[in-house]
S.K.: 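There's a structure below that I have some questions on.
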Amino acid sequence: MRLAAAQVIIIGDERTVVLKRMSDKQIEHAKSELHELARNLWWSWNPSAQSIFQELSPFFWEHSNHNPVEVMNWISGSELHGRLQDPVFFDRVSSVCKTFRAYMNQKGTWGSKNASPLKKSPVAYFSAEFGLHESLRIYSGGLGILSGDHAKSASDLGLPFVGISLFYRQGYFNQQISNDGWQQELYPVYDPLKLPLTLVKDKKGNPVVCTIEINGTFVAFQAWAVHVGRVTVYLLDTNLPQNDDRSREITAHVYGGDQTTRIAQEIVLGIGGVRLLRAIGTNPAVFHMNEGHSAFLTLELLREQLQAKKSLEKAEAYVKDRCVFTTHTPVPAGHDRFSRDLMNTAFHKFSEVSGLSIDHLMGYGRIRPADINETFCMTVLALKMSRAANGVSELHGRTSVQMWKDLYPDWNKDEDPIGSITNGVHINGWASPTASQFYSRTLGPKWHERIRDAKYWQKSIESKKISDAELWALRTSLRRELIEFARKRLREQHLRHGGDGLGVYENFLSPDVLTIGFARRFATYKRAPLFFRDMEWAIRMLNNKEKPVQIIFAGKAHPRDDAGKHFIQEIINMTKRLDMFGKVVFIENYDINVARYLVSGSDVWLNTPRRPMEACGTSGEKVILHGGLNVSTMDGWWREAFDGKNGWAVGEDATAPTDHEQDDKDAYSLRTILETEIISLFYDRGKDGIPHAWLKRVRHSMASLIPQYNTDRMVVEYTKKYYLQKKK
Ligand SMILES: *Cc1c(COP(=O)(O)O)cnc(C)c1O
C-alpha cells in the first residue's frame, strides 16, 4: 500500500509508526523507480523531478551539469535507502514517480486522437544533433535545440515518433576564452554509462550491431536509446573494437573533422539509421529529414526497393512517397556538398551492393544530373527525394524557393514547391522553475496544458488575472537569478585566468539595471558587435547615471570559423575596457543551462541577424514566457510575430544593396529604438516603482506570442500538413 501525503507528514511520536509503515519493499520500489526516472529525460522538463536528484547530491548535481544518472551512480544503495526513510522525502519521490507513470500511461493524447494512422508506423525523425539537455552534449546550436524540442513535444502530444542521431563521444566542444580573448576548444570524453543512455539489445539480450559500407570497407555500429518521455531517440555509435581506429572516430565529434569524416558521419546517420530501424523492427510511415545531413537515407530506401526487385522508377516513387524534408539555412556554405571523387571513395562499396553506379548516384545530388561540373549536394538530394519540403519561417520558405528554383522548371507560382512551418520552442522545457511556479500559482497548475490556446492566454494575461505588481516581481526575481549566475560564472573565469576571484565580482552587473541579453552561435551574420558600431554612443548608454543599460553575451564560434572567433575577441575586449567594466560581460561555454538563465533573466533579447540569413531563430521565443521583450531585425520568426506592440523591430523589412550599408542602417535603427523607446519606457516608473507601460508591452508579447511560437503548435502543424498528408 502506498502512503498518502496526509499520513506521512506527522510530527512527534507517530513518526516512528510511519517509518515502520514504509516497508523495505516500498523503499526498494521507490529506489528502482528513481533509477528508471533518471534514465528518462522527462525529468528535464519537470522541475519537481530535478529537485529530487539535486537534493540527493547537490555536489554531483552541479559537478555533472545536472545529470541524474551520475547522481544515482554516486549514491550508494544504503544511502539512498536511508534518504528514502525520511517520510517527507519519500512522499515527494512517490508523488513525482506517480506523475511520471501517469504521463507515460496517459490515454486520449492528441496523437491518439489525431494521428492514429501512425500508430503502428511512426514518424522517424533524422537529425545530426539533438539538444535535449545540457548534460548530453550532442548538439551545437539552434538546429539541435529544435530537434530536442520537437522530440519533447512529440512526446507530450503522444505522437508515434522515433528520433535518429549520432552518439558523439566527445560531443561539441567546451569553450574557454584565453587571456587574449581567443576561443579555446576542449573535448572531454563522455562515458555512455554516466549518461541517460541504454544500449540497444535484441530479444536475446545481445547488443544490436549493424554494418554500413563506407569507402572500401564495412563499418559496424551500435545504438544507444535515449528515452524522452514517451518517445525514443536512437544514437548511432561506431566506436566498436571490430572497427579500425579511423572508423571508430567517425562519430567522435559533432560536425567534426574534414569532408571525409563529414561524409562518413552522414552515411552512418542516413543509411545506418534506416538499417537500425529495420534491425529493431520499426517500420516508419514517414522519414523526416531535419536538414540535409541525413539525406543519404533516401539512397538506402532506394537500395532496399531495388533489392526487392522493384523497377528504378517504382523504387524512386516509393522513396519519394515516404520522405519529407526541412531545410534550415539560406547560408550557401550551410548546405553540404561533396565532390565526385569523395563520393566515389565513400560510396564505392555501397555502389556495388546497390547496383547503382557512382554517376547515377551523383545525379540525385545534382540539379542537372549529367552536369559533371556540379558537386553532390545533400539539399538537392533531399529535395528530389521528398514528397514535401519546407523552410522554417515564411520568409525562409520563400528564400529557399529562390535558392533552389532551378530544380523546379515547371513551378507554377500558385503552389510553392517549398512551403514553411515556423519553428517553436518546447515551453515546459524552457520555462525556468521560477516562471513555472509563478504560472501554477497565478493561473493554476494546468496552465501548461493550454499552451496552444490563444483565447486562454488572452484572457489570463490581458485581463489582469496577474497584477502588474506580481508580474514585476517575477521579472525582478528572474533578473536577480541571472545576475547571481553570471557573477558566479565570471568569478570562476577570473580564477582560471589567475585572478583571486575576490572583490570586483560582487559589483559586476546590477539587478536593478535594464539587462540586454545576446547569446547564440557566433556566426558572423548574427552580428554580435552591432551594439558597439558607434562606441561613443555605447559608452554613453552603459554609463548613464539615471537610465543605465548592461549587456550579457554568450556564444560559441564554430571551431573553423575564425571570423566568428574574431567577433568573440572583439566582445571580450569590450568587457576589459575600464569605461565598460562590469557592464558588458561575456559568459563562457554557452549551452542549454546558460541559455536558460539568459532567456529568463534578460529584460530585452537582442537579435541582429543580417536579413534574410536567420531562417527562423528560436532563442527569442524562449524569453516570451519569462516576460522579456524581443528587439530584433525583421528576419525569421520575428518578421511574422512582430505586430508593432509586442516588442521592437530593428531596421526595415527589406535588404540593403551591400552588407556594409545594411549594418550601418540596422545599427542606427537599433541605437534610435534603444535610446528613444526602450530605455525610457523601462525607467518610466509609477509611484509604486513599477514600469506599467513596459509591462503592458510584456503582457501583449505574452498573450500574442506564447500560443503561437511553441513546438506543440509546430509538431501539430507538421503532423497535419506533412506526416499524415500525402502529396496529390
Ligand atoms: C535556443 C538556443 C540556440 C538557438 O539560438 P538562436 O538565437 O535561435 O540562433 C542556440 N544554442 C542554445 C544553447 C540555445 O538554447
Side-chain angles (χ1 to χ4, degrees), residues 44-45 65-66 127-150 152 171-175 254-255 290-291 328-331 334 392-393 395-396 422-427 429-432 482 485 516-528 530 552-558 561 564 567 587-602 604-626 628 630-633 635-641 647 650 709-711 714:
S44 72
W45 67 97
N65 214 2
H66 319 136
S127 183
E129 39 174 321
F130 269 88
L132 292 159
H133 186 256
E134 58 263 27
S135 62
L136 191 56
R137 295 171 174 276
I138 52 167
Y139 64 93
S140 79
L143 182 71
I145 304 293
L146 179 79
S147 310
D149 284 4
H150 193 121
K152 289 174 188 175
Y172 199 55
F173 67 92
N174 277 338
Q175 178 197 53
V254 181
Y255 307 130
N290 188 48
E291 190 51 304
H328 281 271
T329 180
V331 182
V392 289
S393 69
L395 177 62
H396 177 236
T422 305
N423 290 339
V425 294
H426 181 248
I427 299 282
W430 283 105
S432 76
L482 165 61
F485 172 77
I516 302 175
F518 183 103
R520 47 184 54 84
R521 284 185 306 112
F522 264 58
T524 48
Y525 76 83
K526 296 187 186 242
R527 301 187 294 184
L530 204 70
I552 307 181
F553 286 93
K556 295 173 177 178
H558 187 276
D561 179 11
F567 273 13
I587 300 177
E588 289 178 359
N589 205 27
Y590 187 49
D591 68 355
I592 292 175
N593 183 42
V594 177
R596 200 174 289 114
Y597 281 100
L598 271 161
V599 298
S600 56
S602 301
V604 163
W605 192 251
L606 182 61
N607 184 36
T608 51
R610 198 180 281 133
R611 194 181 172 282
M613 303 314 245
E614 179 72 339
C616 180
T618 54
S619 60
E621 300 174 349
K622 301 169 194 162
V623 313
I624 302 162
L625 187 79
H626 300 100
N630 278 278
V631 180
S632 171
T633 42
D635 200 3
W637 77 283
W638 190 239
R639 208 186 134 266
E640 297 157 37
V650 173
Y709 296 95
N710 61 74
T711 37
M714 181 188 87

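All ligand and atom numbering here is 1-based and tracks the order in the structure. From a predicted model like this one, the values you see are computed outputs, not experimental measurements.
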S.K.: If a pair satisfies salt bridge (charged side-chain N to carboxylate O under 4.0 Å, His left out) and one of its residues is in residues 613-624, list it, with sequence neighbours excluded.
M.R.: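 Every salt bridge (charged side-chain N to carboxylate O under 4.0 Å, His left out) pair that includes a residue of residues 613-624, provided the two are not neighbours, is Lys526-Glu614.
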S.K.: Near ligand 1, which protein residues have a heavy atom under 4.0 Å away?
M.R.: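 Residues near ligand 1: Gly141, Gly142, Ile145, Trp430, Arg520, Lys526, Tyr590, Asp591, Ile592, Ala595, Gly617, Thr618, Ser619, Lys622.
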S.K.: Tell me yes or no: between the side chains of Asn290 and His328, is some donor less than 3.5 Å from an acceptor?
M.R.: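 A pair is found: one side chain offers a donor N or O, the other an acceptor, under 3.5 Å apart.
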S.K.: Just to verify, what does Glu129 make a side-chain hydrogen bond (donor to acceptor under 3.5 Å, both in side chains) with, not counting sequence neighbours?
M.R.: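 Residues passing side-chain hydrogen bond (donor to acceptor under 3.5 Å, both in side chains) with Glu129: Ser140, Tyr255.
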S.K.: Parallel, tilted or perpendicular for Trp45 and His426, by the 30°/60° rule?
M.R.: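 Ring orientation, 0 to 90° scale: perpendicular.
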S.K.: With sequence neighbours left out, write down each residue that passes side-chain hydrogen bond (donor to acceptor under 3.5 Å, both in side chains) with Thr711, or none if nothing qualifies.
M.R.: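 Scan of Thr711 (side-chain hydrogen bond (donor to acceptor under 3.5 Å, both in side chains), adjacent residues dropped) gives Ser153.
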S.K.: Over all heavy atoms of both residues, which pair between Gly517 and Ser602 is shortest? Give the atoms and the distance, please.
M.R.: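 Scanning both residues, the minimum pair turns out to be CA-OG, 3.4 Å.
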